[in-house]
Participant: 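This is the structure I have questions about; it appears just below.
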Amino acid sequence: MKTIAVLTSGGDAPGMNAAIRAVVRTALDKNLNVMGIKRGYSGLMNGEIVPMQRSSVADIIQRGGTILKTARSKEFKTEEGRKRAVNILKTFRIDGLVVIGGDGSFRGANELSKLGIATIGLPGTIDNDLAYTDFTIGFDTAVNTVLDAINKLRDTSTSHERVSIVEVMGRNCGDIALYSGLAGGAENIILPEKGYDEQELCRGILEAKMKGKMHNLILLAEGIGGAEALAEKVENITGIETRATKLGHIQRGGSPTCSDRILASRFGYRAVELLEQGKSSRVVGTRNGKVIDLDIDEALSQPRRFDEKLYEIAYALA
Ligand code: F6P
C-alpha cells in the first residue's frame, strides 16, 4: 500500500473534518501518500482528486461540514459509473480508499472492493442509524444542537402554557429524538420504533395540565410524521395552543463536540491501520467504548437496535 485516498459521501455530519484530518495525518505518519477526493463518489468519477499534506487539514478539527464537500451520486450506483471510478483510482495509483458516510456510502465502498480497491468505511451521519456501531460521527453534536433548541423552546412554551412539538431528523431512526428527549426532559417522545396513539397522547397532555404542568414538550422523530400536522390534531383535540418547530438542517451543522472529535480521530486512525495491514471491505465503529471493525456485509445486515431502557427511563422521568 503506497497511496490512499479519503472521501466524504451522503449527508454531511459534524466531525467529518476531524475524521479526514485523522486519516490524512495517520497516513503521512506511516509514510503513505494521501489524496483527498472532492464531492464524494460523484467527484471521484470526475477525477476531482488533490494531494493532501499535513497543512491541508490544519485548523479543521473544530469545523462542521466537510472540507472535501459531499454529494449523493445516482451514476455511481450503475456498473458503468463504478468502473469509471475504479479506472480513475488506478490512474491516480490509489490502492486504498477511506469512505466516510452512511449505509449507502458503505454499499458503494463494498462494490469498489469487489473491483479490486481496498476500502474501509467510517460511519459519518447524524442519524446514528447503523446497527453495528453504538455511535456514528456527528450524532452527539446533533443531539446537543437539538438540546440547545429545546432549552429555548421550553422558555417560551412555559410562558404561554403551550404544547411544543419539535420535529428532529434521523430518517427511520429515532435516536436523535430519544437522546435529546431524555436529556431535555421532554414529556413525550414519538419514534418510528415505538409508534404512538393520538388519543392516548392527548389524554396524557390534558392530565399533565390538570396536574399543573406549565408546558408540554414533545420530541417527534421525522420518520414517524410531521410536526405541523400533529400540532393541528393535538390543538383540535385538547384545546391547548400547540406550536410546531421543525429543526431541519441546523442539526447537521456546527462545531463538533468533544465526543465526536475523539470518535472521528479514533476511527480515522483505525481506518489507516487496517489499510496498512492489507484489510479491505471493512467498516469501523465503536462498541462499549472500544473501537471495532467488521466486514461491510456483516455490518449492514445487523438487525436494527433500539434502546428500550432509555425509552423507559425517559417516560419514567417525564
Ligand atoms: O441522513 C442525514 C439526514 O440529515 C437525515 O436525517 C435527513 O432525513 C436527510 O439527511 C436530509 O437529507 P437532505 O440534506 O438531502 O435534505
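Whatever order the structure lists them in is the order used to number ligands and atoms, beginning at 1. The basis for the numbers below is simple: all heavy atoms, side chains too, and nothing from hydrogens, waters or symmetry mates.
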Participant: Considering only the protein, which heavy-atom contact is closest to atom 2 (C) of ligand 1, and what is its distance?
Facilitator: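 It is Asp127 OD2, 3.3 Å.
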Participant: With distance as the sole criterion, is a donor-acceptor pair present between the side chains of Arg261 and Ser255 under 3.5 Å?
Facilitator: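 A donor-acceptor contact under 3.5 Å links the two side chains.
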Participant: Heavy-atom contacts with His249 under 4.0 Å: which atoms of ligand 1 show up? List them by number with element.
Facilitator: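 Going through ligand 1 atom by atom, the ones under 4.0 Å from His249 are 13 (P), 14 (O), 16 (O).
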Participant: Describe, in one word, how the ring planes of Tyr179 and Phe139 are oriented to each other, choosing from parallel (under 30°), tilted (30 to 60°) and perpendicular (over 60°).
Facilitator: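 If you compare the ring of Tyr179 with that of Phe139, the planes turn out perpendicular.
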Participant: Does an N or O anywhere in Gly11 fall below 3.5 Å from an N or O of ligand 1?
Facilitator: no
Participant: Looking at non-hydrogen atoms alone, which of Glu222, Met169, Gln251, Arg252 comes nearest to atom 10 (O) of ligand 1?
Facilitator: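 The nearest heavy atom belongs to Arg252.
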Participant: Run the contact test for Gly102 against ligand 1 with a 4.0 Å cut-off on heavy atoms, strictly below, and give the result.
Facilitator: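 Under 4.0 Å: no for Gly102.
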Participant: Would you say Asn172 and Asp129 are linked by a side-chain donor-acceptor pair, where the criterion is simply a distance under 3.5 Å?
Facilitator: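 Side chains of Asp129 and Asn172: no pair found under 3.5 Å.
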Participant: Could you tell me, atom by atom, which parts of ligand 1 come under 4.0 Å of a heavy atom of Gly170?
Facilitator: 6 (O)
Participant: Run the numbers for me: atoms of ligand 1, each under 4.0 Å from some heavy atom of Arg171, listed by number.
Facilitator: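 What qualifies from ligand 1 is 1 (O), 5 (C), 6 (O), 8 (O), 9 (C), 10 (O).
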Participant: Which residue in the set Ile262, Thr257, Thr145 passes side chain to side chain contact (heavy atoms under 4.5 Å, CB included) when paired with Asp140?
Facilitator: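 One option only clears the test, and that one is Thr257.
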Participant: Which residue owns the protein heavy atom closest to atom 15 (O) of ligand 1, what's the atom, and how far is it?
Facilitator: Arg72 NH1, 2.6 Å
Participant: Determine whether the side chains of Ser281 and Asn110 contain a donor N or O and an acceptor N or O closer than 3.5 Å.
Facilitator: yes
Participant: Once side chain to side chain contact (heavy atoms under 4.5 Å, CB included) is applied, do any residues pair with Ala227, and if so which ones, sequence neighbours excluded?
Facilitator: Ile165, Glu167, Leu220, Ala244
